[in-house]
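A short worksheet on the structure shown next.
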Amino acid sequence: ILDDPDLKDIDPTVLKHCHAAAATCILEAGKQKADISAISTCLEDCKLDKERIEQFCTEYEKNRDALEILLGSIGRSPLHITDVSWRLEYQIKNNQLHKTYQPSYLVTLNVENSDSGSHPDVSFSCTMEQLQDLVGKLKDAAKSLERATQM
């Protein structure tokens, strides 16, 4: 989009916002299985002109089936962490063969999705400070959840 000569005079930030808005509109319409009249009404409320609304709706209709298939493959619920494993790793030398002795943690989250069963594990590497920050945020989330359930 940014390389299109017709759009060269438009601020790239505005273009990115427009692209995000259009993608959100398309995804929400697909999620809600909205019909053309509902989409048209929504776009009219956003002050789009009739010609653009008709063009948008025509393109949406052409690609509706593919969109629904794509959305169906993503799933509806977030991943659920079933287990965590970790190990301590020491980096002794870097690419230039300088001694570094930097410890880091390799963390693996075993996840599954209730829609489609298990998924590949999520793995990442972090420093001790990053791991402590993660643990602190998880504790804060647990406390917030505990407070919410006591109300």
Just do the side-chain hydrogen bond (donor to acceptor under 3.5 Å, both in side chains) check on D35 and S37 with the steps written out, would you?
CA-CA 6 Å; D35 61 354; S37 64; 3.1 Å; yes
Set of residues satisfying ring-ring contact (aromatic ring centres under 6.0 Å, His included) with respect to Y105, sequence neighbours excluded
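For Y105, the residues satisfying ring-ring contact (aromatic ring centres under 6.0 Å, His included) (neighbours in sequence not counted) are W86.
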In Å, rounded to the nearest 0.5 Å, how long is the span from OG of S144 to NZ of K139?
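NZ of K139 is found 14.0 Å from OG of S144.
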Run the numbers on K143 and E146 for salt bridge (Lys or Arg N to Asp or Glu O under 4.0 Å), then give the verdict.
CA-CA 5 Å; K143 286 179 188 174; E146 187 177 312; over 6 Å; no
I81, CD1: over 12 other non-hydrogen atoms inside 6.0 angstrom
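Not more than 12 within 6.0 Å, no.
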Over 12 non-hydrogen atoms of neighbours within 6.0 angstrom of CD in Q55
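Result for CD/Q55: open.
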Linking I/L/V/M/F/W/Y whenever their side-chain heavy atoms sit closer than 4.5 Å, directly or via other members, would L145 and V135 fall into one cluster?
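Not linked; separate clusters.
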Kindly work out whether a path of hydrophobic side-chain contacts (I/L/V/M/F/W/Y, heavy atoms less than 4.5 Å apart) joins M128 to L88.
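Both belong to a single hydrophobic cluster.
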Evaluate the side-chain proximity of [Y] to [X]: yes if any heavy-atom separation is below 4.5 Å, no if none is.
{"X": "S40", "Y": "F56", "value": "no"}
{"X": "I53", "Y": "D49", "value": "no"}
{"X": "L71", "Y": "L27", "value": "yes"}
{"X": "L109", "Y": "D121", "value": "no"}
{"X": "Y60", "Y": "L67", "value": "yes"}

Look only at the side chain of [X] and the backbone of [Y], and say whether a donor-acceptor pair between them is shorter than 3.5 Å.
{"X": "S104", "Y": "C126", "answer": "no"}
{"X": "E28", "Y": "C25", "answer": "no"}
{"X": "D133", "Y": "E129", "answer": "no"}

For the residue pair S123 and T108, what are the closest heavy atoms and their distance?
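Here S123 and T108 meet closest at OG-OG1, 3.3 Å.
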Which heavy-atom pair separates I10 from L15 by the least distance, and what is that distance?
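Closest heavy-atom pair between I10 and L15: CG2-CG, 3.9 Å.
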Pair S85-V107, side-chain contact (heavy atoms from CB on, under 4.5 Å): steps then yes or no:
CA-CA 6 Å; S85 59; V107 180; over 6 Å; no
Between E61 and R64 (salt bridge meaning N to carboxylate O under 4.0 Å), is one present in this structure?
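Answer for the salt bridge query: yes.
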